[in-house]
Amino acid sequence: QDSFAGESLIVVSWSGNHEQSFRESVVEPFNEKYGTKVETVGGWDQMIAQIKAAPADNPPFDLTIADEYTTSLGLAENVFLKTDRSGIKGFEAVSPWFDAHRGAARDYGVPFGGGSLWMVASRSSGIGAGSWKGFWDERAKGKTTMDAAAFYWDLCVPAILSDRKPGIDEVFDSPAEVEALFAELDKLQMAKWYSDGAELANILIQETAEIAMVYSADARGFMKEFGETHEIAIPAEGTASYTNWFMKVRGTRHPELSDLFLSYLLEKETQQRFLDNSTDFLSRTDLTPPAHWPDYPTTEEAIAKTFNLFSLKGWDAFGANWDALNDRMKQTIATTSRG
Amino acid sequence: MRRSGDITARLLWAAGLLVLGVVSVYVALPVAIAFVMSFSGGQILRFPIQSWSLRWYADFFGSPQYVDALVNTLVIALGATVLSVAAGTASAWAISRRKNLATGALTLLHMLPLFVPGVVLGLGIAITFGNVRLFGMDLYGTRFIVMLAHSLWGMPLVMMLMETTFRSLDRQVLEASRDLGAGPFTTFREIVLPEVRTAILSSALFSFVVSVNEFYMALFLTTRDTQTLPVLMWLSLRSAGSPRLAVAAVVLMTIVLVSLVLLASGLRRKERVRG
Amino acid sequence: MTDARRRRTGEALGFWLLLAPSLLLLVLVFARTVAGVVRMSFNGWTPPSFYVEDVVLDHYVRLATDPLIREAAFNTVVLAFQAALTSVVLAYVMTLIVWLRPKRFRLTVIGLMLCPLLASEISIIFGWWLVLPRNGLLSYMLVGSGLVSEKINLLYTEFAAFLGLVYAILPYSFFILLSVMDRQDRLLIEASADLGASPLSTFREVVLPLTWRGVVLAFSQALIWAFGIYATPSALGPDTLWTMGQRIQEEMIGRANWPLASAIAVAMIAAIALLLVVMRTVEPKERTA
Amino acid sequence: MSESILELERVRLQYGPVVAVDDVTVAVGRGEFVTLLGPSGSGKTSTLRLVGGFEHPTGGVIRIAGRPVNGLPANRRDTATIFQSGALFPHKTVAENIAYGLRMRRVPAAEIARRVAEMLEIVALPGFEHRYPAEMSGGQRQRVALARSLVVRPSLLLFDEPLSALDLALKLQLRAEIKRLHAELGFSAVFVTHDQGEALSLSDRVAVMQKGRIEQIDRPDTLYNRPASEFVYTFMGESNRLDVTVGGGAIRDLQGHLLPLTLEDGLAEGAWRLYLRPSRLHLSEHEPVRSNALRCTVSMVEFLGDHFRYHLACHGLRLMCDVSAKLGLSEGSDVIASWDGADMRAYR
Amino acid sequence: MSESILELERVRLQYGPVVAVDDVTVAVGRGEFVTLLGPSGSGKTSTLRLVGGFEHPTGGVIRIAGRPVNGLPANRRDTATIFQSGALFPHKTVAENIAYGLRMRRVPAAEIARRVAEMLEIVALPGFEHRYPAEMSGGQRQRVALARSLVVRPSLLLFDEPLSALDLALKLQLRAEIKRLHAELGFSAVFVTHDQGEALSLSDRVAVMQKGRIEQIDRPDTLYNRPASEFVYTFMGESNRLDVTVGGGAIRDLQGHLLPLTLEDGLAEGAWRLYLRPSRLHLSEHEPVRSNALRCTVSMVEFLGDHFRYHLACHGLRLMCDVSAKLGLSEGSDVIASWDGADMRAYR
Ligand SMILES: Nc1ncnc2c1ncn2[C@@H]1O[C@H](COP(=O)(O)OP(=O)(O)OP(=O)(O)O)[C@@H](O)[C@H]1O
Ligand SMILES: Nc1ncnc2c1ncn2[C@@H]1O[C@H](COP(=O)(O)OP(=O)(O)OP(=O)(O)O)[C@@H](O)[C@H]1O
Ligand SMILES: [Mg+2]
Ligand SMILES: [Mg+2]
């Protein structure tokens, strides 16, 4: 165990609140346990670009978090290393759900957990976070907000509500069929489309919007800040989600320590600590629901029902139509924005 | 200064002062707000402030990540400033000595980097220099490459300011120095440098400020070890605005401001000596 | 004659030696990078990878045909022009006052005008977020002072974007105009008054024509800066305010389409360089007594 | 008093602690040409600026044509200033510069054209209408400045060292021109200079200023010949100074040599400074030709074109003597310098 | 030729199309004081800058102490220039300014201190060591500039209008000082000025320049009395000009009035311009006192301090006459102006 003492490792997690939880519940205890100098850096969608831009044998970080979009980008650019699962403990307790949608990409990295869309509704609005339909409520007109940049998540909301296909599969259709989802979004009236978490917080503080879509990476922070005035939950219809896998970056100079860290990610104590401090779901199924999330799904069935994965296959389909859909989204923003 | 009977003049003057006042408030307001907000006790930046506290300052200086980033920011900014001032001053001197020639084109060339967006420069430099090794060291991820990148913006600013300054120097004073036996280098050190000290310091300040606040280039060129404060700020902005951001902003501004004040008072003292 | 030649060679050598550091920086770092960006703009692109080595014109064709890019270009230009014009007008008034009454205002005003330069863009955005919205400082002040009866929101309006952009470029206009103004002979104002001109006439007939060159210079500089700044207007403006800079960032990072992002950047650099050249040539010539 | 176009009554101007103009009282008659003469910093320009309306007095009254103008801005005063630099509008042609004041007075265009052309004749610059100031010589620029001020026919012309920046030849030429114009057009003028030649040649009366006060105001010859103070005397022209002591009915130099001098009125005992203009000394080889005489040695002869300057030494005293024709005296030879007692001034 | 400290041989300097110095050949002897005199733009400064090494000739040879120096930069020439502005280093004290040239020559510190102190004595500025240039008057500044150049004991001192920016009184005082220093220290000098009084009083020889060429180089009195050209004549001092035609043995003015003038050598027939210095005219009421005489009317009397200037008219001719004592002649009275034929110059 002491062989790694003093060695350093740089791990990327999502930045902001997520990074803070990750540091407190994972990185610091790990360092304490092994005497290492693991550090965490915040990242967003520029991570693969950063790796790609850097020299192949000197990546900016050793381990990176990756959702399905990042994974497909990273695999296409060949910046990840395969993971030898035999060297990593803890897989036995991981929900098979994670591998089920993974395909060949399962050879890369370990699943730590996943994120999803949450709903925020101010208590004064009388709408509640129990159903995505709340966005289309009369009382919500001009009081809603969604993400202007990652528009594919916005499309997931009407897709969940739509019965035409299971889960969010409508999103992966041809543009002509996705049009139906845009039509639903077009009916909304946005207070403002937000472009980052800070702006979303600001919009809520200013009471510019009362109903919002929020990523689970931030939802825990929002609960702390807005818990008294707002209801923050995953609506009953379920939600769209991504999974957080941790990948070894090609060229890393600390492969063994990386493996050790990956194992640590799958330990029960690690995951429980993280769960108690976040609104992400985790890959182990043997965790206790935290106080702030009483209906945390622990069974395979509940997981599959709650979290509709924006899968790698889904990205293949969606990516082909991206530009057309992106242009179409701008129309939606133009029609639904009050500004 | 009495101007009785001259109503138009007084009205114009009053209108001008009004504009001056409004613009002054306009200019100072966001900066003042950031300052005030840094003392907020809440979890998220919000107005009006519900509680006052220094907790975010404690948080900022207690976080090795932020403190390291602050150190990186300062080291990089200092390096970029030295590079910018050295290169910019030298070429400004050369260009200002020439009467006509292609100096116009040269000046334009020096200015071009200012007009390339930071994202483009940052990614471009990372791709171009990712694999370059200098003296057996990887260039990528070092503070040095960020200094180089930042001096692309600092150097033109220094050049612009120094060129006008050099052109306004009294040519006869320089000739007098040559005449008394000083070579070109000695003349520059003994006569020119002391004369243009103010301009050099202010151009240094400009390039320092540019580097301290830049984050796109730094984002693509740094690793964890060299990450700068604005990069951290930008990344956490994407999640939620905690007062820690305001603290970081205030810390940066304070550093810049303190150097400015030191500079100004140093100059004033010097001027007093000269009468 | 050989003396002369040797001397001239020596001078030329010194000239290029002095230029060497900055030219090295420009050629080795900047030119190589720009060349890389230009090269990138001709690469092919098949998602999800960033680019595919190739030589195609697709991205330039897209630049020319995509209505959304055209809209972004239009927004950028309109916003930049408005902001540049406003900043020049405001800066002109300020510098005029500072110039007319140096002692009392000069240092204070100069100090204030440094604010936007000193603060990082992020803190400025935050500042405005707290000032402009319905529950922001401005609204509080207006309601508190009784000027308006209801809280008002200015955030996420074109006006807010404009305000933020003007804020960012105002110092540049100010310092350029101040340097031009400082070069003028204050005696000319007295001469004009002496000949019977009212302050307004003096302004129209003497001050403005003499500083016109500075106005043009300040305007072109402000315009160029305004093109480059996009985080502020997009954070303060309405949802539909798409700009070129924002588009570059979106393509480069969000969409991972490096060739298209590069093509937009190349077009922007070219447009700005062109603008610079045009401004230089139409610049009125300075007359000194 | 309504004869006066300009009256200053106990006028005072302070810049913070600096008293630039101190209790100045002076009147300028219609058609009169009054010069303010004094060393640098004596308050000449400040006084002129008070009259022009560019500064406003901190005390006292200024009247133009009998009407108090304290506080009236420059553009509403009927004065016109010619500045040292000319202060021409660099972006306007000569014709536009000259027309400026007329346009401000809403004179019809045709009349403006006529008067500008007339003015260009008067200052001898016809054909220069379309030049810009930068395209003209210093002297020509000053003539345009003159024309620009004259064309509005002000009650009072103010000149602030308009000739200081010019070459000697040009200076003399423009001085003559101003004199001619004053004679022809009969304007009233206040002229500021620190050049006593200019003051003497141009003015009806000269006011000598020092430290913000007027030391003496008089006609040129009175000023030159009967200066009210040592300051005025030395300022009005070159002079020889003899430091002497008077005692026991005799005058001695500081080394105690007896000087055989007679002064018109007896001097009290003590130390005195005697002054003599170099042009009032006469040189002769054998006999003195005037009542006071000193035996001297020629130490240097200087050729100055229209005259020679002999530098003489007499014990410890040094004398300069200007003579128009060269005398047969070489350096080292002895000579007698003599002068009228009336040409000598004594101050203590 | 090794007697000369400086030789210019067919030296030429062009700035693009402008020929600033045109084929100038001149030699300055050791210890000689040569002045370049000429109107603005005549190439005086350019010539001086060629000697100082600030410009390099486009043709010809420059030798200092017999050694060609074409192409040698200023810091490697044994000359020292005193500039019009003084060009003192504003951030250095007086002592530091003066010491600069010695430091550049690596003179030991103790010796520097000694020589600086000595120099301050010589220019009469002891006690000013620690002042900055901004804390001194214009005249004091020029003295420091002088000291700064003198202290390095150059073979050749170059003066570029060092007195132009000064007040008249200061100008005269410094002129005397330069003269004294030249006499005491015996340096060689080239002095540029456009003031002929300065040139005459200071120089061993004066070179009059026009359009980049030397028109005449001679001793001051020769230059003044026997100018080689009309240009030199008019440039050397004020003059009266009579436009006349010579025909049939008679001289007439342009209106045909006969002028009873005799010239030393007969003039060829045709139009001539006759010149006369105002100081060479004599006025008398009844009989002419010199060989040439004209009957005139007094049109104006000007008081100029040490002399009076009478403005006279004779038919269409205008004459100025300077006399030292006031005559009993009022404006309008008749007078006879007379002069020696030798004092008159004729040019066509
Ligand atoms: N704007 C000002 N502020 C403060 N002091 C001033 C100002 N203008 C002039 N003074 C001071 O007032 C005094 C008189 O100055 P003024 O310019 O009238 O002198 P001057 O006789 O015209 O001198 P010069 O011949 O140098 O022009 C001087 O001591 C000067 O320093
Ligand atoms: N650097 C230059 N570039 C171009 N032309 C120049 C330059 N310096 C001088 N000249 C020209 O050369 C000619 C001679 O100039 P120079 O300065 O030698 O005259 P000057 O006799 O010293 O005149 P002044 O008395 O005005 O100083 C002028 O026509 C001038 O315009
Ligand atoms: Mg003055
Ligand atoms: Mg010159």
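Below, read A as the first sequence line, B as the second, and so on, with proteins coming before strands; counting in each chain starts at 1.
If you measure heavy-atom distances from C:V37 to chain B, the contacts under 4.5 Å come from the side chain alone. Contacts of B:L121 with chain C are made by both backbone and side-chain atoms, with heavy-atom separations under 4.5 Å. No part of B:F208 comes within reach of chain C, as not one of its non-hydrogen atoms sits under 4.5 angstrom from that chain. Proximity to chain B (any heavy atom under 4.5 Å) is restricted, for C:L170, to the side chain, taken from C-beta onward. In this structure, chain B has a heavy atom under 4.5 Å from the side chain of C:I248, while its backbone stays farther away. When heavy atoms are compared at a cutoff of 4.5 Å, B:V27 approaches chain C by way of both its backbone and its side chain. Heavy atoms of C:L117 lying under 4.5 Å from chain B belong to its backbone as well as its side chain. With a 4.5 angstrom heavy-atom cutoff, C:L200 touches chain B via backbone and side-chain atoms both. Contacts between B:P113 and chain C at a heavy-atom distance below 4.5 Å involve backbone atoms as well as side-chain atoms. At a 4.5 Å heavy-atom cutoff, the contact between C:I122 and chain B is made by side-chain atoms alone. In this structure, chain B has no heavy atom under 4.5 Å from any part of C:M244. When heavy atoms are compared at a cutoff of 4.5 Å, B:F188 does not approach chain C at all. In this structure, chain C has a heavy atom under 4.5 Å from the side chain of B:L123, while its backbone stays farther away. Both the backbone and the side chain of B:L148 come within contact range of chain C, with heavy atoms under 4.5 Å apart. Interface remark: B:F35 contributes no atoms to any contact with chain C (heavy atom separation under 4.5 Å). In this structure, no portion of B:T89 lies under 4.5 Å from any heavy atom of chain C. Neither the backbone nor the side chain of C:V266 comes within contact range of chain B, judged by heavy atoms closer than 4.5 Å.
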>> Checking B:V23 against C:M94 for the side chain to side chain contact (heavy atoms under 4.5 Å, CB included) test, could you report, in this order, the C-alpha distance in whole Å, the side-chain angles of both residues, the deciding distance, and whether it holds?
In response: CA-CA 8 Å; B:V23 173; C:M94 311 259 300; 3.5 Å; yes
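The aromatic rings of C:F175 and B:F206 sit perpendicular to each other, their planes meeting at more than 60°, with 30° as the lower class boundary.
Between B:Y26 and C:W128, a ring centre-to-centre spacing shorter than 6.0 Å is recorded.
Residues C:L18 and B:R97 have side chains not in contact (no heavy-atom distance under 4.5 Å, counting atoms from C-beta outward).
Per-residue heavy-atom pair counts under 4.5 Å with chain B were compared for C:V29, C:V93, C:L23, and the maximum is reached by C:V29.
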